[in-house]
Amino acid sequence: MYGAPVDLSFKQISSLADARTEEPSTVLRPLKRNSQMKYLSCSLRLNNNNITHIHDLHKTVNHFLAEPSQLAWLDLSFNKISHIDQVLCELHELRVLYLHGNNIFILSEVDRLGVLPHLHTVTLHGNVIETNKAYRNRVISALPWLKTMDFSAVTRQERVMAKIWQSSNNRRSCKETLQ
């Protein structure tokens, strides 16, 4: 039913407002449009640009997609994004989210993505948060239904270890609160 991704990668875009003035790249599979000239796609590529903020992402998604609420695949990799914005949590059908190669530095922001019920694939490597020794455990515990993280399958053993890590951290934070 849905066609090729709307591809706005490698366009030197520095803001999402700039993205709305661009024409998507042509791909092997032609992009199909509806009568309002919006694309019949559930995938959006904004990778390899200079985007720093995504707070107005919904305007860009609405501008390009015929059914913006059906966005399932979003590629924001290799930009200059430093925070996991709350706007991502409004993409309830999102299944795949690429955020690798950005400047995300607060690991706890990954927890925000926990409200996305269908998210099964996420990439975050190449961000500052990757240097945290609890990185993989933290992400898997925040998103326990993930199938793939950083292009690597999430194993049953990793899920067990993430649960142990989470309960150990919960106990530690309770003790610190009581003291």
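For clarity, every value in this text was computed on a predicted model and none was experimentally measured. Heavy-atom basis, side chains included; hydrogens, waters and symmetry copies ignored.
Put simply, V96 and F64 are part of two different groups of oily side chains (I, L, V, M, F, W, Y) that touch within less than 4.5 Å, one to the next.
Not a single ring pair (Phe, Tyr, Trp, His ring centres under 6.0 Å) links F10 to another residue, sequence neighbours left out.
The pair D111-R138 meets the salt-bridge criterion, since a charged nitrogen lies less than 4.0 angstrom from a carboxylate oxygen. Salt-bridge formation is not detected for the pair K147/E158: no Lys NZ or Arg NE/NH1/NH2 atom is positioned less than 4.0 Å from an Asp or Glu carboxylate oxygen.
When all heavy atoms of D18 and T21 are compared, the closest pair comes out as O-OG1, 2.6 Å. When all heavy atoms of S41 and P5 are compared, the closest pair comes out as OG-CA, 3.6 Å. For the residue pair L46 and A19, the shortest heavy atom distance occurs at CD2-CB, 4.1 Å. Across I13 and N49, no two heavy atoms sit closer than the pair N-OD1, 3.1 Å. The shortest heavy-atom contact between V154 and L146 is CB-O, 3.7 Å. Nearest heavy-atom pair across A4 and L31 is O-CD2, 3.3 Å.
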Quiz item: Between E23 and R33, is a salt bridge (charged side-chain N to carboxylate O under 4.0 Å, His left out) present by the stated rule, with each step listed?
Solution: CA-CA 13 Å; E23 277 297 311; R33 294 184 187 227; 3.4 Å; yes
Exercise. Before giving the answer on side-chain hydrogen bond (donor to acceptor under 3.5 Å, both in side chains), spell out for T60 and R20 the whole-Å C-alpha distance, their side-chain angles and the decisive distance to 0.1 Å.
Key: CA-CA 6 Å; T60 303; R20 296 190 292 274; 3.0 Å; yes
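Within a 6.0 Å sphere centred on NE2 of H53, other residues, nucleotides and ligands contribute 12 heavy atoms or fewer.
Listed for the T148 side chain is no donor-acceptor partner under 3.5 Å among the backbone atoms of T121. Of the possible polar contacts, one joining the R159 side chain to the P144 backbone as a donor-acceptor pair under 3.5 Å is found.
In this structure the side chain of Y39 never reaches within 4.5 angstrom of the side chain of E67, judged on heavy atoms. You'll find the side chain of D85 reaches within 4.5 Å of the side chain of H55, heavy atoms only.
The line from NZ of K11 to CG of N50 is 14.0 Å long, rounded to the nearest 0.5 Å. Here the CG atom belonging to L65 is positioned 10.0 Å from the NE2 atom belonging to H63, to the nearest 0.5 angstrom. Put simply, CG on L88 and CG on L99 are 6.5 Å apart, with the number rounded to the nearest 0.5 Å.
Between the side chains of N137 and S141, not a single donor N or O lies within less than 3.5 Å of an accepting N or O. D150 and S152 share no side-chain donor-acceptor pair at under 3.5 Å.
Aromatic pair F105/H83: ring centres closer than 6.0 Å.
Sorted by first and then second residue, the pairs that involve residues 69-78 and meet side chain to side chain donor-acceptor pair (under 3.5 Å), not counting sequence neighbours, are D75-S77.
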